[in-house]
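Inspection log for the structure reproduced underneath, given as C-alpha cells.
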2 protein chains.
Amino acid sequence: MTINQMISEDEVALMHHYICEGIGDAKRLRLLYLVAEQPRNVTELTELLDVTQPTVSHHLRILRERGLVNAERDGTSIYYTLGDPRILEAMNILRSFVADKTQEA
Amino acid sequence: MTINQMISEDEVALMHHYICEGIGDAKRLRLLYLVAEQPRNVTELTELLDVTQPTVSHHLRILRERGLVNAERDGTSIYYTLGDPRILEAMNILRSFVADKTQEA
DNA sequence: TTTATATATTGATAAGTGTCTATATAGAAT
DNA sequence: ATTCTATATAGACACTTATCAATATATAAA
C-alpha cells in the first residue's frame, strides 16, 4: 500500500514535467503501449502511428528525455523499449478506471 | 497483476481524453492531490493554488467531467473529493518513478 | 569515397489551451 | 425582495505544441 504523504509544489512540478508532459499526447501514449509490447524501431513505429517519421522522432525524444523509453542502436536502426515497468503498471490502473467510466453509460 | 493485452486505437483515444487531458496540467495534478487529502471547496482550493477562482473552476470542471473528482454541494459551497482511489494509486506509482529519476543525477 | 538507409533536427504554421477580467447563477440570510 | 457569499460561465488573449516539409547526421554497404 502506497503512502499518501502530502506532496510539495516542487514535486508536483517534477511530476508534471516527467509524466503530464510525457504522456500528455495520444500518440505518445500509443507509443508507450507499442514499445511495452516489444522493442520497436522508428520505422516500425512510424508505420503504426499514422504520422510522419520526424513527428515520431519528436515524440520519442520527449519520452526518451524523461526516461519513459530507452533507446538502443542496432546498426542503423534504433530500437525503443519501455523505460520502466511502473509506467505500464500505472497506465494499466488508469486503463481500468477508464474502462469502468466508459461503460457506466 | 494486470494483464498487458494489446490496446486498441479507440481505447488509447479514450485514455487520452480521460487521463492525459485530465491530468495534463500541473494545477490539475495539484488539485487531485489536494482533494485526495480531504474534501475541499473551491475557495480553499483557490487559496492553495495561486490562480484566480474562475481558473480553479475551469480546472475542476475538466476533472469533474472525467470523473476524476466528485462535487457535492453543502449550502453555497461545493466540496470536491477524489473521484476514484485508482487515480491516487496510479499517481503514486508514477510519483515513485519520478522520485527515482530525479535522484539518479 | 559514394550510395543507400535509418533516424534526428530545424523552422514554420496551425490548432489547442491556460489564464485573466467581467458577468451570470445559485443558495442563504436579513 | 434585496443583499451577500460561493461557484460557474463567457469571451479574449498569450503561449504552448503537434505537425509537416526540408535538411542534417549516422551507420552500413558497395
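Labels below follow one simple rule: chain letters A, B, ... track the order of the sequence lines, proteins then strands, and each chain is numbered from 1. None of the values given here were measured: they were computed from a predicted structure.
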So which one's nearest nucleotide on DNA chain D is more toward 5', A:R73 or B:V42? B:V42

Test item: A:L94 and A:M91 side chains (from C-beta on) under 4.5 Å apart, heavy atoms: no

Check: A:L88 and A:Y33 side chains under 4.5 Å, non-hydrogen atoms: yes

Check DNA chain D against residues 51-67 of chain B and give the residues with a non-hydrogen atom under 4.0 Å, in numerical order. B:Q53, B:P54, B:S57, B:R61, B:R64

I need the [atom1]-[atom2] distance between [X] and [N], as an integer number of Å.
X	N	atom1	atom2	answer
B:R28	C:dT19	CZ	C1'	12 Å
B:I78	D:dA8	CD1	C1'	8 Å
B:Y79	D:dT5	OH	P	16 Å
B:H17	C:dT17	NE2	C1'	14 Å
A:L49	C:dT7	CG	P	14 Å
B:K27	C:dT17	NZ	C1'	15 Å
A:N70	C:dT7	CG	P	16 Å
A:L31	C:dT7	CG	C1'	14 Å

Phosphate OP1/OP2 of [N] contacted by [X] side-chain N/O (<4.0 Å):
X	N	result
A:S77	C:dT5	no
B:Y80	D:dA8	yes
B:T43	D:dT7	yes

DNA chain C: 5'-proximal contact among A:E44 and B:E21 (nearest heavy atom): A:E44

Determine, for A:D100 against B:R86, whether the closest basic-nitrogen to carboxylate-oxygen distance falls under 4.0 angstrom. yes

Taking all non-hydrogen atoms of both residues into account, name the closest pair between A:L68 and A:I87 and its distance. CD2-CD1, 3.4 Å

For A:E44 versus A:N41, what's the shortest heavy-atom pair and its separation? N-OD1, 2.8 Å

So with a 6.0 Å cut-off around CD of A:E65, is the heavy-atom count from everything else above 12? yes

Looking at C:dG27, C:dT19, C:dA6, which one has an atom nearest to any side-chain atom of B:D25? C:dT19

Which of A:H59, A:Q53, A:R61 passes side-chain hydrogen bond (donor to acceptor under 3.5 Å, both in side chains) with A:S57? Answer is A:Q53

